[in-house]
Amino acid sequence: MTIAFAPRNVPLDRRLQTAAALQWVFSFLGLAPTCVALFFYLVFTRFWLVSVLYAIWWFYDYDTPSKGGRRFNYLCDLRLWHYMTDYFPVKLVKTADLDPRNNYVLGFHPHGVLVAGAFSNFCTNSTGFRRLFPGLDSYLLMLPLWFRAPFFRDYIMLAGLIPSDKGSASYLLQRRGGGNAVVIAVGGAPEALDAHPGTYNILLADKKGFVKLAMEHGAHLVPIFSFGENEVFDQVGNPRGTWLRAIQEKLQAVMGISLPLFHARGVFQYSFGLMPYRKPINTVVGRPIRVEKNEKPTVEQLDALHQHYMEELSNLFDQHKTDYGVEKDTYLNFV
C-alpha cells in the first residue's frame, strides 16, 4: 500500500485544526478508560488521598448528571472547539425559529460513528447555536455508562452532556418557562453500525420512546438531519446477516455500546488511521412540530405523531439534499 504523507508546509491554522480534532477523537475513544485507570492507579501511590476524596465527592454528586448536569460555558467557548469544527468544517443551518418559551426534543439523524455534528453543534458554542436560537440551552444525551467513569463524568457534564435515560430528559423537559432543548441521537449506538459513506439508513421505524417523552411533557419535536455525518469515517463492511454484524450486535446488547470497525486517515499521513476525513458536515435543524401535553397517550396517538415526525424528517432531507451533494433520487431508508 502506498502511503500518502501530509506535506511539510501545512499552514499553522490547519495544524491546529488537526490537533483539535485529534483531542476530540481521543476524548471519545480513550479518555474514559484513561480516567478509570488513573483513579485506580492513584489508590496504590502516595496520592491515594486524591482517589479517596474523589470517591466521596462522587457519592455526594452522584445525581447531578440526571439533574441537568453542570454546563460550563467558558469551556464550551474555548477556541479549541472552533479549530475542531473548522477541521471538517461543521455548519449549523437554521430553517425556522424556536420559541424559547417552549421546551423541545431535538431528534438528531443520523448517529454517525462518533456523532461529530451533534457534539460540535450542541456541546460547544463554535457553530452559533446560542446566536441562532437565543434563549435555548441544548443538552445532548449520552450513554449512562460514560457517567460512571471517574473524572470523565465531570468533564462531559461541563459540555452539557447528560445520561440518555428518561429521568434525565424528563428533569429538563418539565421545567417551567421553557428554554430547554434535549438533543437525542435517536438511532443510538445500533445506528452507528450502519454509518457507511453514501448510506442513508435511519433507525427510526420502531423508535417511539422519544415521541412519547415529548407528548408526556408537551415538548415540541424538531427533526434534524446532519448531512455528511456518515462521510467522515470508513467502516469495515458489516451488512445485516453477516458474522461480523452478528458479533457487533451481540456485543452491543451486552455492553450497551456498539463497536463499529472504523478507520479514516492519520495525523501525518492520509492513508490510514482513526482521524476523521476533512469532509463538511452540515447540520440542518427543521421546523418544530407542535406537541400538546398528553401524559397518557394512546397507541393510536403515539403512532400518528411518530408517523408525522418521520414525514417531516423525510421532507427536511428531500428539501436540502441537493444543496449538500446528495443525488436527487436518493431517499431516506427507515429501518
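No hydrogens, no waters, no symmetry mates; every other heavy atom, side chains included, goes into these values.
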Those residues that, when tested against K67, pass salt bridge (Lys or Arg N to Asp or Glu O under 4.0 Å) (two or more places apart)
none

Sole candidate of D194, T199, N201 that passes side chain to side chain donor-acceptor pair (under 3.5 Å) when paired with N333:
N201

More than 12 foreign heavy atoms under 6.0 Å from CZ of R15: is that the case here?
yes

To the nearest 0.5 Å, tell me how far D329 CG sits from T322 OG1.
11.5 Å

Test log, rule side chain to side chain contact (heavy atoms under 4.5 Å, CB included), inputs F227 and V93:
CA-CA 11 Å; F227 292 91; V93 181; over 6 Å; no

Separation of Y331 OH from Y200 OH (nearest 0.5 Å)
13.5 Å

Would you mind checking if E216 and K166 are paired as a salt bridge, meaning a charged N to carboxylate O distance below 4.0 Å?
yes

Do S168 and L141 touch side chain to side chain, with heavy atoms closer than 4.5 Å?
no

T127: which of T283, T85, N121 passes side chain to side chain donor-acceptor pair (under 3.5 Å):
N121

Show, in sequence, the C-alpha distance, side-chain angles and deciding distance for Y171 and D63, and conclude whether the side-chain hydrogen bond (donor to acceptor under 3.5 Å, both in side chains) test is met.
CA-CA 11 Å; Y171 180 86; D63 290 333; over 6 Å; no

Check for a donor-acceptor pair, side chain of N238 on one end and backbone N or O of L244 on the other, with a separation under 3.5 Å.
no

Given side chains that start at C-beta, do those of R130 and N73 come closer than 4.5 Å, heavy atoms only?
yes

Return the set of residues passing salt bridge (Lys or Arg N to Asp or Glu O under 4.0 Å) with R287 (not counting sequence neighbours), or none when no residue passes.
E312

Quick one: pull up NZ in K212 and NZ in K296 and give me the separation to the nearest 0.5 Å.
10.5 Å

